[in-house]
Amino acid sequence: MKAFLMYVKAFGRFWVALAIAVSATSLAVEPATAGVPSDKLTLGYTTVGAILTPVWIPAEMGIFQKYGLDVDMKFITTGPVVVSALIAGEIGIAAASGEPIVSGILGGADLTIMGFGTTTTPVSLYVIPSITKVEQLKGASVAVSRLTSSGAYILKVGLKRAGLEAIKDVILIQAGGVPESFAVLHAGKVQGAMLSPPTTYKAEALGFRRIWSGLGVEYPSLVYAVRKSFLKDSEAVALRFLQAMAEGVHIFNTDKEAALKVMAKYTKVTDRKVLEDSYTDNSGVHSPTLEPTRSGIANILETMAGTTPKAATAKPEDFIDPRLVKKLEANGFFKKLAGR
């Protein structure tokens, strides 16, 4: 009888352990087991700015490996090129600005956005010292990366709040990028420019004045895009990638020193003050749940409507696939990450 009771107790402990194991694995995808081969994945990213730090953190801190991923990070200079690489299958996932991805989908590319890296952007309007408020820009010229960029959208919002209208009241000059926008401002060819960190600190050092910040204005300046076929065939890989990105955001928000170290490596910035200022400027812009929103896409489409007629009638929900982030949320992954 004693032996039988010991057997029953052991059997009960087995089922309790099994239940705990099942509960743990229900949190979407647990970190990979040691010795298990990792899935290879190529990630393309399009800018070398502080805002990308949560994307670089998983590569530098072993988080990709933790989720069973062997990720090859590739820097691709422009949005259109990364879209082409994504379509061609040269990369599996793109970490890029929302505008070129939306533009590609509008053009017929079989792509979708499975997550937002950011919900806003630290792009700011810098002007010559003689200008002290946005209203004074009437009749002036402002440089933006592209007429359909996040900077252009942020500028239009700022002008509207000041009672001005882009193009009609303020001339927008398409410079090609943030460094180029700063260059034409520095050369005196425009009276203002939309800049992001760390270029903003160069502008301030030379006496240019910030009079409008895009922080708080919804615009996904960083999204995670994939081919629809990739999402269908490699859903588990995509899910684990999103987990790694969410953990990158968590570390960025909770471990400043680790974030600064990674930021310094990729941006090549060694000035501690510039790094800390860049960190501060990018605090609060990243989405902890990565959820792609209809409203974020709607803002991109609004920006593009002036140059791309199809954007005016497009449905925002046709550009996103939130299934995987919703799955992670439903399984408690984000709560578990935040509470650890």
Side-chain angles (χ1 to χ4, degrees), residues 28-29 31-32 37-49 51-105 109-119 220-252 262 266 286-293 296-297 300 319-328 333:
V29 180
S38 297
D39 289 304
K40 292 186 178 296
L41 175 66
T42 302
L43 171 68
Y45 63 96
T46 58
T47 187
V48 181
I51 199 168
L52 262 289
T53 305
V55 177
W56 300 323
I57 285 174
E60 293 300 310
M61 299 183 67
I63 297 170
F64 282 137
Q65 293 90 331
K66 173 182 174 180
Y67 290 103
L69 298 173
D70 179 6
V71 179
D72 179 18
M73 306 276 284
K74 286 190 175 182
F75 173 56
I76 302 175
T77 53
T78 66
V81 175
V82 83
V83 170
S84 296
L86 193 58
I87 293 171
E90 296 170 3
I91 59 176
I93 298 176
S97 175
E99 178 271 322
I101 303 299
V102 169
S103 180
I105 297 172
D110 197 32
L111 308 177
T112 191
I113 295 170
M114 63 176 182
F116 279 3
T118 62
T119 54
S221 55
L222 175 63
V223 303
Y224 302 119
V226 294
R227 297 182 305 282
K228 289 182 179 179
S229 58
F230 176 88
L231 203 57
K232 179 181 178 181
D233 299 335
S234 305
E235 181 175 307
V237 172
L239 189 71
R240 282 182 272 135
F241 171 81
L242 289 172
Q243 286 182 286
M245 289 299 99
E247 191 155 342
V249 171
H250 177 75
I251 291 174
F252 180 87
V262 173
Y266 281 80
H286 301 97
S287 172
T289 63
L290 313 177
E291 182 178 358
T293 65
I297 298 298
I300 294 176
F319 296 81
I320 59 177
D321 188 341
R323 289 181 303 111
L324 296 188
V325 294
K326 287 186 179 298
K327 181 177 181 181
L328 291 174
F333 176 78

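As a basis for the values below, the full set of heavy atoms in this structure was taken, side chains included, without hydrogen atoms, waters or symmetry mates. Remember, it's a predicted structure, so these values are computed and weren't measured experimentally. Nothing fancy with the numbering, it's 1 onward along the sequence.
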Asker: List the atom of Gly115, the atom of Pro292, and the distance in Å for their closest heavy-atom pair.
Answerer: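 Heavy atoms of Gly115 and Pro292 come nearest at CA-CD, 4.1 Å.
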
Asker: Side chains of Leu328 and Gln243: closer than 4.5 Å at any heavy-atom pair?
Answerer: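 Of all side-chain heavy-atom pairs linking Gln243 with Leu328, at least one is under 4.5 Å.
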
Asker: Can I get a per-line list of side-chain donor-acceptor pairs under 3.5 Å for residues 225-233, giving both atom names and the distance, sequence neighbours left out?
Answerer:
from: Arg227; atom 1: NH1; to: Leu86; atom 2: O; distance (Å): 2.9
from: Arg227; atom 1: NH1; to: Ile91; atom 2: O; distance (Å): 3.0

Asker: Can you name the residues that form a side chain to side chain donor-acceptor pair (under 3.5 Å) with Lys326, not counting sequence neighbours?
Answerer: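 Lys326 satisfies side chain to side chain donor-acceptor pair (under 3.5 Å) with Glu291 only.
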
Asker: Are Asp72 and Lys74 close enough that some pair of their side-chain heavy atoms sits under 4.5 Å apart?
Answerer: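 Touching, per the 4.5 Å side-chain cut-off.
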
Asker: Listing request: all salt bridge (charged side-chain N to carboxylate O under 4.0 Å, His left out) pairs with a residue in residues 84-95, at least two apart in sequence or in separate chains.
Answerer: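 Non-adjacent pairs meeting salt bridge (charged side-chain N to carboxylate O under 4.0 Å, His left out): zero.
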
Asker: About how many Å separate CD1 of Ile320 and CD1 of Ile101, when rounded to the nearest 0.5 Å?
Answerer: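 Reported value, rounded in 0.5 Å steps: 14.0 Å.
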
Asker: Going by the rule side-chain contact (heavy atoms from CB on, under 4.5 Å), which residues pair with Ile87 if we only count those two or more places apart in sequence or in a different chain?
Answerer: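 Checked Ile87 against side-chain contact (heavy atoms from CB on, under 4.5 Å); matches are Val83, Ala109, Leu111.
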
Asker: Please check this pair: side chain of Arg240 against backbone of Gly68, looking for a donor-acceptor N/O pair closer than 3.5 Å.
Answerer: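 Yes, Arg240 side chain to Gly68 backbone: donor-acceptor pair under 3.5 Å.
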
Asker: Please report the interatomic distance CG(Leu41) to OG(Ser234), rounded to the nearest 0.5 Å.
Answerer: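 The distance works out to 8.5 Å.
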
Asker: Only counting residues at least two apart or in another chain, list the ones meeting side-chain contact (heavy atoms from CB on, under 4.5 Å) with Ser287.
Answerer: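 If we apply the side-chain contact (heavy atoms from CB on, under 4.5 Å) test to Ser287, skipping adjacent residues, the hits are Thr119, Thr289.
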
Asker: Would you say Thr293's side chain and Gly296's backbone share a donor-acceptor pair under 3.5 angstrom?
Answerer: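 Indeed, once roles are kept as given, a pair shorter than 3.5 Å links the two residues.
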
Asker: Could you please spell out the steps behind the ring-ring contact (aromatic ring centres under 6.0 Å, His included) verdict for Tyr67 and Phe241?
Answerer: CA-CA 8 Å; Tyr67 290 103; Phe241 171 81; over 10 Å; no

Asker: Quick one, Pro58 and Met245 - any side-chain contact, counting heavy atoms below 4.5 Å?
Answerer: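 The answer is yes, as the side chains (C-beta and beyond) meet within the 4.5 Å cut-off.
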
Asker: Suppose the criterion is ring pair (Phe, Tyr, Trp, His ring centres under 6.0 Å): which pairs have a residue in residues 86-105, not counting sequence neighbours?
Answerer: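 As it turns out, there is no ring pair (Phe, Tyr, Trp, His ring centres under 6.0 Å) pair with a partner in residues 86-105 once direct neighbours are skipped.
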
Asker: Quick one: does Val262's side chain get under 4.5 Å of Trp56's, heavy atoms only?
Answerer: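 When only atoms from C-beta onward are counted, Trp56 and Val262 do touch, with a gap below 4.5 Å.
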
Asker: Does Leu222 form a side chain to side chain contact (heavy atoms under 4.5 Å, CB included) with Val55? I'd like the steps, not just the answer.
Answerer: CA-CA 10 Å; Leu222 175 63; Val55 177; 4.0 Å; yes

Asker: Is Ser38 reaching over with its side chain to a backbone N or O of Gln65, donor-acceptor style, under 3.5 angstrom?
Answerer: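 Absent.
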
Asker: Can you give the donor-acceptor pairs under 3.5 Å from side chains of residues 93-100 to other protein atoms, not counting sequence neighbours?
Answerer:
from: Glu99; atom 1: OE1; to: Arg146; atom 2: NE; distance (Å): 3.3
from: Glu99; atom 1: OE1; to: Arg146; atom 2: NH2; distance (Å): 2.9
from: Glu99; atom 1: OE2; to: Thr148; atom 2: OG1; distance (Å): 3.1

Asker: Less than 4.5 Å apart, side chain to side chain, heavy atoms only: is that true for Leu69 and Val237?
Answerer: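 In short, these two side chains touch, coming nearer than 4.5 Å.
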
Asker: Considering residues at least two apart in sequence or located in another chain, which fulfil the ring pair (Phe, Tyr, Trp, His ring centres under 6.0 Å) criterion with Phe64?
Answerer: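 Phe64 satisfies ring pair (Phe, Tyr, Trp, His ring centres under 6.0 Å) with no other residue.
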
Asker: For a side chain to side chain contact (heavy atoms under 4.5 Å, CB included) check, start with the C-alpha distance between Tyr224 and Ile113, then their side-chain angles and the critical distance, and finish with the verdict.
Answerer: CA-CA 6 Å; Tyr224 302 119; Ile113 295 170; 6.0 Å; no

Asker: Could you measure the distance from the OG1 atom of Thr112 to the CZ atom of Arg323? Nearest 0.5 Å is fine.
Answerer: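 If I round to the nearest 0.5 Å, the distance is 9.0 Å.
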
Asker: Given side chain to side chain contact (heavy atoms under 4.5 Å, CB included), test Ile76 with Tyr45 step by step and report yes or no.
Answerer: CA-CA 6 Å; Ile76 302 175; Tyr45 63 96; over 6 Å; no

Asker: So, do Pro220 and Val223 sit near enough that their side-chain heavy atoms are less than 4.5 Å apart?
Answerer: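 They are in side-chain contact.
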
Asker: Can you list the residues that meet the side chain to side chain donor-acceptor pair (under 3.5 Å) rule with Asp70, with sequence neighbours excluded?
Answerer: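 Listed in chain order: Lys40.
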
Asker: Report the residues that fulfil ring pair (Phe, Tyr, Trp, His ring centres under 6.0 Å) with Phe319, sequence neighbours left out, ordered by chain and then residue number.
Answerer: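 For Phe319 there are no ring pair (Phe, Tyr, Trp, His ring centres under 6.0 Å) partners, ignoring immediate neighbours.
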
Asker: Who pairs with Tyr266 by side chain to side chain donor-acceptor pair (under 3.5 Å), at least two apart in sequence or on another chain?
Answerer: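 Tyr266 satisfies side chain to side chain donor-acceptor pair (under 3.5 Å) with Glu60 once adjacent residues are dropped.
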
Asker: Can you check side chain to side chain contact (heavy atoms under 4.5 Å, CB included) on Val71 and Thr42, steps first, answer last?
Answerer: CA-CA 6 Å; Val71 179; Thr42 302; over 6 Å; no

Asker: With a 3.5 Å distance limit and no angle check, can you tell me whether His286 reaches the backbone of Phe252 through a side-chain donor-acceptor pair?
Answerer: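 No.
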
Asker: Find the distance between CG (Leu242) and CZ (Phe333) and round it off to the nearest 0.5 Å.
Answerer: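 Rounded to the nearest 0.5 Å, the CG-CZ separation comes out at 9.5 Å.
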
